[in-house]
Amino acid sequence: MREEQIEKLRGVVRDCVSKHLYSSAIFFADKVAAFTNDPADIYMQAQALFLGRHYRRAYHLLNASKIVLRDLRFRYLAAKCLEELKEWDQCLLMLGDAKVDEHGNVYDTEDCNVVYLDKDSEDREINISAATCFLRGRAYEAMENRALARQWYKAAIKADPLCYEALDCLIENHVLTCEEETSLLSSLQFGPEDGWLSSFYSCLIKKYDKESVVEAKFREVEKESCNSNPSSPSFTHTLKNDTDLLACKAEYFNQCGEYQKCFELTSDLLEKDPFHLKCTLVHITAAMELGNSNELYLMASNLVKDYPQKALSWFAVGCYYFCIKKYDQSRCYFSKATSLDGTFAPAWIGFGNAYAAQEEGDQAMTAYRTAARLFPGYTCEPLSQPFQKDHCTCKNWKGAIYQLCILGWSTCELTAISFAEQFFMQAKAFCPSDPLVYNELGVVAYNMKEYNKSVLWFEKTLKHIPSLSQLWEPTVVNLAHAYRKLKIYHEAISYYERALTLSPRSLSTYAGLAYTYHLQDNFTAAITYYHKALWLKPDDQFCTEMLSLALVDEGRRGIDPKI
């Protein structure tokens, strides 16, 4: 057959692949490879077999070729076949011997001695070394060697910043500290035309900076533009309406406790792209915080119908049942989500929360410990208060670990508190800019009656939060409680009043403020605030008893002490 006819057949194969007619592509690719026996045509045939899900046949074809160990494309595709077949040891063996350090630097590799038969194309290609590093990371993760998986993911993104999948695995699996994420991004070698990508990646990592800093990052990405026609400077494209960027912004609102703003943004985004799963997860979280059970039911129904094999779908079902306080069903569906995907962090947290809601401390602790081991960088909202057990609803898994300890679900309260302190000190070392960790350290110190240390941690919390909102009202109240314990009453009153500006209908704040005035012998002010507290909860035993004492103390003023 003439070369012109063979080239036309190659075009037919490429067109069949683009139209997803894989059986046709396999048929014609087989004929081209038989005519030419050219390595490039053999690779094309193997590619068609892979896309048609004939993994074993594709692997055999590649492995039988004499070039498989000398051409990186052949080796990589053969390893991809083994990945699909779940033969992880063989997959790593096919990729060859190589070592990587903690910073993602690869050495002792054989790839320098092999060729790479590049395709004739003007398209920009992702470095094949980055793809092989990423595949090694996938293999090690499947084998539950998460330390090596993390190192190979780092190597992949460093080999080529366009290998987004590697960065996504590092971020979604919550395996890097804030400093490690920032350091990794700063080490990437972006091309001169990839300034927008560097800015975009900076928005994806953990966002614990000040509000002005984070919002400046978003503005920088939105302003990044690509001029598609140099002769027409007015014709540009921007990322302002990009769905991934909007989902990232919604995630930031959720982290800051702006749940209503987050919910509105995700609702608008899901109208445009109803199958954006990252946005869907943030939407479900916001709906949970707002107690919107109707929205959770609708989302769960649609997800189960469209994605019955995804952990997210059953996580949504679990969230719905948790929201309506049916914890047994909730726990069942969270468990199903973890069985479908053991690396889906929110399902493990939900699983622990469902046990905690039923006061089954041992099982809840097991789930939280699993989460802490698998996802050391994972953080959630909201916070905890030392004075209100009904407020400790274990929505924040790090706080929940501590709360389970102090509520008597451990064999020894002092041992439990000590464990909690060690846990949060490790968390602080892992993510020193996370205000939630400082808050929990303050709660631990408070319950250990180390009030000076408690004040220190709570004040650090307020310094690290992006903006003071109602979400952080418990921290302000906790700080006031600590100052009151130290008998620094003017500071305590100042923080109680500050807390009331954030949440004007808080029983604990009014009670704390009244009790502080009572300790100062300012009985008139104490009586006023006890009344305000009882207006919110008329049957509160503490305020009722203390109001009676305050009235007696007020009545005794001016009477001879001898009487």
Go through the steps for Arg57 and Leu62 under the test side chain to side chain contact (heavy atoms under 4.5 Å, CB included), then give the verdict. CA-CA 9 Å; Arg57 184 181 172 193; Leu62 292 163; over 6 Å; no
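- Side chain of Thr338 to main chain of Ser335: a donor-acceptor pair is present (N/O by atom type, distance under 3.5 Å, no hydrogens or angles).
- Counting heavy atoms of neighbouring residues, nucleotides and ligands inside a 6.0 Å radius, atom OH of Tyr297 does not exceed 12 of them.
- A cation-pi arrangement is absent between Lys249 and Phe253 under the rule of less than 6.0 angstrom and at most 45 degrees off the ring axis.
- The residues Arg138 and Glu165 are annotated as not salt-bridged, no charged nitrogen and carboxylate oxygen being separated by less than 4.0 angstrom.
- No more than 12 heavy atoms of other residues, nucleotides or ligands lie within 6.0 Å of NE2 in His60, so this atom counts as exposed by the packing criterion.
- Electrostatic pairing of Arg150 and Glu102 counts as a salt bridge here, judged by a charged N lying under 4.0 Å from a carboxylate O.
- Proximity of a side-chain donor or acceptor of Ser313 to a complementary backbone N or O of Gln309 within less than 3.5 Å is not detected.
- In Arg10, the CZ atom is crowded: over 12 heavy atoms of neighbouring residues, nucleotides or ligands sit closer than 6.0 Å.
- When the shell of 6.0 Å around NZ of Lys31 is examined, it contains more than 12 heavy atoms from other residues, nucleotides or ligands.
- In this structure a side-chain-to-backbone donor-acceptor pair under 3.5 Å is missing from Ser183 to Glu180.
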Under the criterion side chain to side chain contact (heavy atoms under 4.5 Å, CB included), I'd like the reasoning laid out for Leu312 against Ile284: C-alpha separation, chi angles, the key distance, then a yes or no. CA-CA 10 Å; Leu312 176 63; Ile284 290 170; 4.1 Å; yes
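- For Arg331 and Gln358, the side-chain atoms include at least one donor-acceptor pair closer than 3.5 Å.
- A centroid separation of 6.0 Å or more is found between the aromatic rings of Tyr55 and Tyr59.
- The aromatic rings of His283 and Phe263 lie parallel to each other, their planes meeting at an angle below 30°, with 60° marking the opposite boundary.
- Within the structure, the salt bridge (charged side-chain N to carboxylate O under 4.0 Å, His left out) test picks out no pair touching residues 345-354 (sequence neighbours left out).
- The aromatic rings of Tyr333 and Tyr321 lie parallel to each other, their planes meeting at an angle below 30°, with 60° marking the opposite boundary.
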Salt bridge (charged side-chain N to carboxylate O under 4.0 Å, His left out) between Lys19 and Asp15, worked out: CA-CA 6 Å; Lys19 291 184 171 65; Asp15 188 58; 2.7 Å; yes
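- Put simply, the side chain of Val106 reaches to within 4.5 Å of the side chain of Cys133, judged on heavy atoms.
- Remark: of the listed residues Phe334, Phe315, Trp314, Phe315 is the sole one forming a ring-ring contact (aromatic ring centres under 6.0 Å, His included) with Phe344.
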Give the intermediate values and the outcome of side chain to side chain contact (heavy atoms under 4.5 Å, CB included) for residues Gln90 and Met94. CA-CA 6 Å; Gln90 291 299 314; Met94 176 57 66; over 6 Å; no
Run the side chain to side chain contact (heavy atoms under 4.5 Å, CB included) test on Tyr43 and Asp41 for me, step by step, so that the C-alpha distance in whole Å, both residues' side-chain angles and the decisive distance to 0.1 Å come before the verdict. CA-CA 5 Å; Tyr43 179 80; Asp41 292 327; over 6 Å; no
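- Under the 4.0 Å criterion applied to side-chain N and carboxylate O atoms, Glu83 and Lys80 are assigned as salt-bridge partners.
- Side-chain atoms of Asn105 and Lys158 include a donor-acceptor pair closer than 3.5 Å.
- In this structure, Cys91 and Leu135 have side chains that are in contact, with non-hydrogen atoms separated by less than 4.5 Å.
- Each of Asp168, Asp273, Asp244 was evaluated against Lys278; a single residue qualifies, Asp168, per the salt bridge (charged side-chain N to carboxylate O under 4.0 Å, His left out) test.
- Using a 4.5 Å cut-off on side-chain heavy atoms (C-beta onward), Phe134 and Trp152 make no contact.
- A distance-only check finds a donor-acceptor pair linking the side chain of Trp348 to the backbone of Gly342 [under 3.5 Å].
- Side-chain polar atoms of Tyr153 and Glu141 form a donor-acceptor pair below 3.5 angstrom.
- In this model, a donor atom of one side chain and an acceptor atom of the other lie less than 3.5 Å apart for Thr475 and Asn439.
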